[in-house]
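Have a look at the structure below, then the notes.
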Amino acid sequence: MTTLLEWKEKAKQIYGEYGRVIEPCAKFFVAFLTLLVIRVELGYMSSISSIPVTLVLALLCAFLPQNVTLYILGIVVLGDLYALSTEVFAVSALLFLVIILLYLRFAPKTTYLTLLTVLGSVLHVPYLVAGGAGLLYGPGAVVSVGCGIFIRYYVRGISENDAALASADSSATTVLSTLLSQITGNREMILMLLVLMLMTLLVYLIRRSSMDHSWSVAILTGFLVEFIILFAGLLIMGYATKLIWLVIGNVISFAGVNIIQFLFFNVDYKRTETVQFEDDDYYYYVKAVPKIKVSSQEKKVKKFKASGRRE
Amino acid sequence: MINEQHVKLMTKMEIFEDKEMQECLPMAEYYRSDYVSKHIIISVFTGTFAFLLLSGLLLTDGLEDLLYSLDFSNLRGIIGVYLLWYLLFMGIYLLVTFVVYHTRYTAGRKKLRKMYQRLSLLEKIYEKEEQQTRPTGGNA
């Protein structure tokens, strides 16, 4: 346990020192991975989905605000859909607009979770994002997770039905009908969406409560409720083959969420800040380095033995 | 000579200004009721637009069936149902807007209060420094 706590302090120290480098690197990695997923799943517009363009866009996302990343990725998806079919593009653009109008204007801090949920869902670990979101963010995270699941299944639906959607015989109403039926008729998506939103909300509410070990109880309750409902739901719907991924995904996610708990419970990650200001006499160029608690190896414990003699 | 306390306060204020000031500024400019009302008015527009888009998409999809089954003699009833859905949708959306911006205002004001506390502390340091450097004005 002591070694683990030392690692925690070390992680805090490394983030404090190199936070300015770690953050853009992480953003680049997430954006690049998401663009690759878009390329594999959609990739209908070769110019926008080529590797050099993907790299440049990911690099841009690394330095731009998180919300802008989401818009850039949205434009890439729409570009691909435009190459597939104008009708699909129009309907998708309208749906994205509805998401922006109803949700994105509310929660600028949790929009990145939408992206992480999409990625987590592709990697079969959306439970990790849902649990982690409940631990680290506010109630707005519930909607972000929901949006992520919706986008993931919507894009996958298009990818699976692309031949039918792009065929010349399909009229605008047929395309619209196919797209809407894959939303309203996709029972797996509706189940996943509701359960993961419920999981995030449960974890958030229990984590905020005043009970002892609230973080651990929140994780355990969230995962139990999610796993039982999804297991039963998928079994009833006849998706027995997906149960293996459900179990594997849950095991990995449970471990991941526990790592999140270990790293973030009662810890405020602050990075080194460089600021400039002036007063009447001086210009100040200040580097503010976050204070690090002494790790156990650096602590010196002095033991006093009872000598059995009084002075 | 550089005053250490002064530099600490200025640094913390500068970090706040860099990261959160932009977000908290409207809370300093508006009363709570004005701030929340402003966002509710914006939500009326965005919500109505989103509802029109969504209902438009759904209606276009089922337009053919709708036209066959539509009883035009009961047009008032159909419009009534549509309006009822709109009111229900807007009711939930505006309630969420109210809760979100009410909470955000409280949190923003708290951060601003801390910022003002630091500012007044800084002012006191300046006054103290000024008193120390001012000539005592003794008789010649």
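Numbers restart at 1 for each chain; the letters A, B, ... are given by sequence-line order, proteins then strands. As the structure is a computational prediction, the values presented were derived from the model and not from experiment.
- The choice from B:V96, B:V7, B:T11 that makes the most heavy-atom pairs within less than 4.5 Å of chain A is B:T11.
- For the pair B:E4 and B:K8, the salt-bridge criterion is met [side-chain N within less than 4.0 Å of a carboxylate O].
- Contact detail for A:L64 and A:T69: the closest heavy-atom pair is O-OG1, 4.4 Å.
- Taking the ring centroids of A:Y71 and A:F96, they lie at or beyond the 6.0 Å cut-off.
- Of the options B:Y93, B:F98, B:Y30, B:Y101, a ring pair (Phe, Tyr, Trp, His ring centres under 6.0 Å) to B:H39 is made by B:Y101 and by none of the others.
- Using modelled atom types and a 3.5 Å distance limit, the side chains of A:Y112 and A:S144 yield no donor-acceptor pair.
- With a threshold of 4.5 angstrom between heavy atoms, A:L180 approaches chain B through side-chain atoms but not through N, CA, C or O.
- With a threshold of 4.5 angstrom between heavy atoms, B:Y126 approaches chain A through side-chain atoms but not through N, CA, C or O.
- Proximity to chain A is limited to the side chain of B:E23, based on heavy atoms less than 4.5 angstrom apart.
- Of the two parts of B:T97, the backbone and the side chain both hold a non-hydrogen atom closer than 4.5 Å to a non-hydrogen atom of chain A.
- Top candidate by heavy-atom pairs under 4.5 Å with chain A, chosen from B:V100, B:T103, B:D18, B:I42, is B:I42.
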